[in-house]
Amino acid sequence: MNLTRIQYFLSLAKTLNFSETARICGMSQPALSKAIRKLEEELGGALLRREGRLTHLTPLGRAMAERLGEVEQARRRAEATAKR
């Protein structure tokens, strides 16, 4: 599982907007969509449900947002420890 894809997903889980998340992450919206699809394939299910312009987290997406948020926090703590 790629840490960059996790960061993209966590950002998207906060905004629930592909265009805004792509802008925040400094990438194109199609590239973001591709990264999220790849993460969904790795996890074995849909993380988001798209209904026109509305985007919602699926039950798996909500669970993964919580767990992957813990991974991101651990990454940041490890990075801080390494810098000390």
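Quick caveat, the model's predicted, so the values are computed rather than measured.
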TODO: Please answer whether the main-chain N or O of Q7 pairs with a side-chain N or O of S11 as donor and acceptor at a distance below 3.5 Å.
DONE: no
Open item on the list: Any non-hydrogen side-chain atom of Q29 less than 4.5 Å from a side-chain atom of S33?
Closed with: yes
Task: Co-members of F18 in a cluster of I, L, V, M, F, W and Y side chains, linked at under 4.5 Å - done: M1, L3, I6, Y8, F9, L10, L12, L16, M27, L32, I36, L39, L43, L47, L48, L57, L60, M64, L68, V71
Task: Main-chain N/O of A46 paired to T58 side chain as donor or acceptor, under 3.5 Å - done: yes
Task: Carboxylate-amine/guanidinium contact R67 E70, below 4.0 Å - done: yes
- [ ] Evaluate the salt bridge (Lys or Arg N to Asp or Glu O under 4.0 Å) criterion for residues E79 and R76: first the C-alpha distance (whole Å), next the side-chain angles of each, then the deciding distance (0.1 Å), finally the verdict.
- [x] CA-CA 5 Å; E79 191 175 78; R76 289 179 186 195; over 6 Å; no
- [ ] Go through the structure and list residues passing side chain to side chain contact (heavy atoms under 4.5 Å, CB included) with K38, not counting sequence neighbours.
- [x] R5, E41, E42
- [ ] Using the test salt bridge (Lys or Arg N to Asp or Glu O under 4.0 Å), find all partners of R77 that sit at least two apart in sequence or belong to another chain.
- [x] none
